[in-house]
Amino acid sequence: MNTKTALIYATVDGHTLKICERLKEVLLQHDQPAEIIHIEAFDGDLSSYDRIVLGASIRYGVHDKNIVELINTRQQELESKKTAFFSVNLVARKPEKSSPETNPYVVKFFKKISWRPDIAETFAGMLDYPRYSFFDRTMIRLIMWMTKGPTDPTTVKEYTNWDKVDAFGKRLASL
Ligand SMILES: Cc1cc2nc3c(=O)[nH]c(=O)nc-3n(C[C@H](O)[C@H](O)[C@H](O)COP(=O)(O)O)c2cc1C
């Protein structure tokens, strides 16, 4: 049976989409079709999917509100399917904060909702100072200074561990 997966994502700068694209590739390697859907383009119909993956990045401490709303309004339907959740943030670049059990944003997220996906993961994201507005760059530099990360405003660095993304994709394929 070809399990069909919906990868529904929210992004600000496109990194969560890049992770969805990689997950789709892994699923295709397992002969499992997947559709990538931006949360704002999602028409609300989950009926044609057996598996739902929700992915969102962190911006100033929170996941996209539309993803949270989807979970809260469609929890029963989500519970009737195989489900997964992943979070993308920069705190996850620290090994001790890189799992769903230790990443503060994911821990807080699951304290606020009662939905529990079959699997969850946390990925370190992308730092791209030149891309940010002056305000965002200043704020992120401050956060990075506090957490001993790079503060050089020309820094562009991808922290994502793609082997970890591939491993998550394989777990998805066997859900
Ligand atoms: C304005 C802004 C605020 C952010 N706030 C946080 C934050 O509070 N904590 C964190 O760990 N990462 C934070 N990040 C890092 C993002 O989560 C990271 O860049 C991620 O790769 C973004 O993914 P996206 O392109 O899919 O939105 C922030 C990034 C930006 C641009």
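Counting starts at 1 for both ligands and their atoms, following the listed order. Along the sequence shown, residues are numbered consecutively beginning with 1.
- Interface of Ile140 with ligand 1, defined as ligand atoms under 4.0 Å from a residue heavy atom, comprises 2 (C), 3 (C), 4 (C), 28 (C), 29 (C), 30 (C).
- Heavy atoms from both the backbone and the side chain of Val91 come within less than 4.0 Å of ligand 1.
- Residue contact check: Gly125 has heavy atoms under 4.0 Å from atoms 21 (O) of ligand 1.
- When each of Ile8, Leu7, Val53 is tested with Cys20 by the rule side-chain contact (heavy atoms from CB on, under 4.5 Å), just one qualifies, namely Leu7.
- For Glu96, the CD atom sits in a packed shell: over 12 heavy atoms of surrounding residues, nucleotides or ligands are nearer than 6.0 Å.
- His63 and Phe85 have their aromatic ring centers within a separation under 6.0 angstrom.
- We find that Lys157 and Asp128 are not joined by a salt bridge, their nearest charged nitrogen and carboxylate oxygen being 4.0 Å or further apart.
- A salt bridge does not link Lys82 with Asp50: none of the charged nitrogens is closer than 4.0 Å to a carboxylate oxygen.
- Residues Arg22 and Asp166 are paired through a salt bridge, judged by an N-O separation under 4.0 Å between the basic side chain and the carboxylate.
- For ligand 1, the atoms sitting less than 4.0 Å from at least one non-hydrogen atom of Gly61 are 7 (C), 8 (O), numbered in the order shown with element in parentheses.
- Residue-ligand proximity, Thr11 to ligand 1, at heavy-atom distances under 4.0 Å covers atoms 24 (P), 25 (O), 26 (O), 27 (O).
- At the shortest separation from atom 9 (N) of ligand 1 among protein heavy atoms lies Tyr105 OH, 2.7 Å.
- The atoms of ligand 1 that sit less than 4.0 Å from any heavy atom of Leu90 are 10 (C), 11 (O), 12 (N), 15 (C).
- Partner of Phe123 under the ring pair (Phe, Tyr, Trp, His ring centres under 6.0 Å) criterion, chosen from Tyr105, Phe86, Trp162: Phe86.
- Electrostatic pairing of Glu69 and Arg74 does not count as a salt bridge here, judged by no charged N lying under 4.0 Å from a carboxylate O.
- The only member of Lys94, Lys97, Arg93 that meets side chain to side chain donor-acceptor pair (under 3.5 Å) when paired with Thr147 is Arg93.
- In summary, the atoms of ligand 1 found under 4.0 Å from a heavy atom of Val88, numbered by their order in the structure, are 17 (O), 20 (C), 21 (O).
- When each atom of ligand 1 is checked for a heavy atom of Tyr132 under 4.0 Å away, the hits are 19 (O), 31 (C).
- For the side-chain contact (heavy atoms from CB on, under 4.5 Å) with Val68, the lone residue among Asn72, Ile71, Asp64 that qualifies is Asn72.
- In terms of protein heavy-atom proximity, atom 14 (N) of ligand 1 is nearest to Ile58 O, 3.4 Å.
- Looking at ligand 1, you won't find any N or O of Asp136 less than 3.5 Å from one of its N or O atoms.
- Here the shortest heavy-atom distance to atom 6 (C) of ligand 1, taken over Tyr60, Phe135, Tyr129, belongs to Tyr60.
- Close approach to Ser57 involves these atoms of ligand 1, each under 4.0 Å from a residue heavy atom: 22 (C), 23 (O), 24 (P), 26 (O), 27 (O).
- Annotation: Gly14 places an N or O atom under 3.5 Å from an N or O atom of ligand 1; distance criterion only.
- Annotation: Met126 places an N or O atom under 3.5 Å from an N or O atom of ligand 1; distance criterion only.
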